[in-house]
Asks: 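Dumping the structure here so I can ask a few things about it.
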Amino acid sequence: MIYIIGGQTASGKTELALEFAQKIGAHIINGDAFQVYRRLDIGTAKASKEEQSLVPHHLIDIVDINEAFSIFEYQELARKIIDRLVAKNIPVVIVGGSGLYIRSVLFDYRFSPNSEADMARFEKMDNYRLHQYLASIDEISAEKIHFNNRRRVLRAIEIYLQTGLSKSALELEQSKQPYYPYTMVMVDWDKEQLDARILERIRLMFAQGLRSELAELLETFPSSSPGFRAIGYKEMIENANYSDEQLIDLINKNTIHYAKRQKTFFKNQFNISSFTKREEALEFLLDTFKGAL
RNA sequence: GGAGGAGUAGCGAAGUGGCCAAACGCAGCUGACUGUAAAUCAGUUCCUUCGGGUUCGGUGGUUCAAAUCCGCCCUCCUCCA
């Protein structure tokens, strides 16, 4: 059984995870797409070094800001760690807000090894033609993916070019059953409360020196680095002339949008128990843990 | 006191007689999600028993027909006193 703490940003995942993991002697695996980046500390709201020292952490601070990292690497690394811990009978807690990353670990998602596919001719096509092309090689996926969702249409085509199999055919081969048994929990705040927490946290980030964190990093890494696509950093990079207040507004807005997508994903893509209060979630996790012994 | 300008849905903003329950943007709400996922994309937002009903500062008119034209009133802005 692995324990997962998911849900929205600023919902208190980190704190809950630390508390729970300490109580049961678990290791924590980060399930957040941007906490894998070293030195992106303030803006990704990582647990502090002191907090991290309380419980062994994995998949946090593992790549440099200018390195590409994707779900493919994440899945592989996470499974290795989980298998190792499970073999030693150490409980595993995954905490994070990147739902798809977590899904790829929990379920039978199979990613083909990266191979070169020449996408140049497709990138020139307009959305409509691109989608028509997809329909000619993979009707099922074409039906599922909206033609305006260019990124996904392109990816589906790329899969076909790389593997010779359509995206939908590959997915049909995969089991629908979870790869690992899991218990997942989230703290579901009222929208108003969560919004207030988000704003408060962004203010805190600025007070903690988010601006200078970025400035220092930009001395070493180009502003186009993958790590800088994280909310908080990208807004500062794109709007170098903004005042703190303007940036806080923008980052706040983007974070609220992000939080909404997270909620939709977690509620609809997982079997998840949601609680209004952190203490209730903790109690539920502890009960589940005891029951599993 | 005088001269101009403006008041449109939660906000911004088009529209200047019928094709207007009213473009577009934002915000909000719902959803999709298998290698950029803190990303990408879609739907939806006056009321409704889905027949229809009530809107464009207020009010009274003109017209077969008004957000659009006319009168009066209210509010705001600029300039002059």
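Proteins get letters first, then strands, A, B, ... in listed order; numbering begins at 1 in each. The analysis underlying the following values was restricted to heavy atoms, covering all of them including side chains, and did not include hydrogens, waters or symmetry mates. Here the structure is a predicted model, which means the values were calculated and not measured.
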Asks: Rounded to whole angstrom units, what separation is found between the CZ atom of A/Arg229 and the C1' atom of B/U36?
Replies: 5 Å
Asks: Scan every strand shown for a Watson-Crick or G-U wobble partner of B/G1, both distances under 3.5 Å, and answer none if you come up empty.
Replies: B/C80
Asks: Give me syn or anti for B/G17, where syn covers glycosidic angles within 90 degrees of 0.
Replies: anti
Asks: Please determine, for the side chain of A/Arg261, which listed nucleotide (B/G28, B/U40, B/A38) has the closest atom?
Replies: B/U40
Asks: If you apply the rule ring-ring contact (aromatic ring centres under 6.0 Å, His included), what do you find for A/His58 with A/His27, and how did you get there?
Replies: CA-CA 8 Å; A/His58 303 272; A/His27 285 208; 5.1 Å; yes
Asks: Look at all strands and tell whether A/Gln75 reaches a base, only sugar-phosphate, or nothing, counting heavy atoms closer than 4.0 Å.
Replies: nothing
Asks: Is any N or O donor-acceptor pair between the side chain of A/Asp32 and the base of B/A38 shorter than 3.5 Å?
Replies: yes
Asks: On RNA chain B, does the nearest nucleotide to A/Asn148 precede the nearest nucleotide to A/Phe69 from the 5' side, or the other way round? Give the residue.
Replies: A/Phe69
Asks: Contact list please: residues 178-207 of chain A against RNA chain B, heavy atoms, distance less than 4.0 Å, in numerical order.
Replies: A/Lys191
Asks: Could you tell me if the ring centre of A/Tyr74 sits under 6.0 Å from that of A/Tyr101?
Replies: yes
Asks: Contact class for A/Ile159 vs. all strands (heavy atom < 4.0 Å): base, sugar-phosphate, or nothing?
Replies: sugar-phosphate
Asks: Which atom pairs, donor and acceptor, lie under 3.5 Å between side-chain atoms of residues 278-286 of chain A and protein residues at least two apart or in another chain?
Replies:
residue: A/Arg278; atom: NH2; partner: A/Glu15; partner atom: OE1; Å: 3.4
residue: A/Arg278; atom: NH2; partner: A/Glu15; partner atom: OE2; Å: 3.3

Asks: Taking a pair as Watson-Crick or G-U wobble with both distances under 3.5 Å, which nucleotide is matched to B/A14?
Replies: none
Asks: Within 45° of the axis and under 6.0 Å from the centre of the six-membered ring of A/Phe206, does NZ or CZ of A/Arg203 qualify?
Replies: no
Asks: Can you say whether a donor on the side chain of A/Arg152 sits under 3.5 Å from an acceptor on the base of B/C33, or the other way round?
Replies: yes
Asks: Any idea how A/Phe107 and A/Tyr109 line up, ring-wise: parallel (<30°), tilted (30 to 60°), or perpendicular (>60°)?
Replies: tilted
Asks: Could you please name the option among B/C26, B/A32, B/A37 that lies closest to any side-chain atom of A/Phe34?
Replies: B/A37
Asks: Counting distance only, does the side-chain N/O of A/Gln174 pair as donor-acceptor with the main-chain N or O of A/Asp108 below 3.5 Å?
Replies: yes
Asks: At under 4.0 Å between heavy atoms, what does A/Tyr101 touch on the DNA or RNA strands: base, sugar-phosphate, or nothing?
Replies: sugar-phosphate
Asks: Side chain of A/Lys260, heavy atoms from C-beta onward: which of B/A32, B/A42, B/U30 has the nearest atom to it?
Replies: B/U30
Asks: Tell me which nucleotide, if any, is Watson-Crick or G-U wobble paired with B/A21 when both distances must be under 3.5 Å.
Replies: none
Asks: Counting only Watson-Crick pairs (N1-N3 plus N6-O4 or O6-N4) and G-U wobbles (N1-O2, O6-N3), all under 3.5 Å, who is the partner of B/A42?
Replies: B/U30
Asks: Between B/U75 and B/A27, how far apart are the P atoms? Round to whole Å, please.
Replies: 35 Å
Asks: Describe the nucleic acid contact of A/Lys253 in one word from base, sugar-phosphate, nothing, applying a heavy-atom distance below 4.0 Å.
Replies: sugar-phosphate
Asks: Taking the side chain of A/Glu171 as heavy atoms from C-beta outward, which of B/U34, B/A32, B/U40 is closest to it?
Replies: B/U34
Asks: Flag yes if more than 12 heavy atoms outside A/Glu200 fall under 6.0 Å of its CD atom; otherwise flag no.
Replies: no
Asks: For B/U62, give its Watson-Crick or G-U wobble partner with both distances under 3.5 Å, or none.
Replies: none
Asks: For A/Ser98, which contact category applies under a 4.0 Å heavy-atom criterion: base, sugar-phosphate, or nothing?
Replies: sugar-phosphate
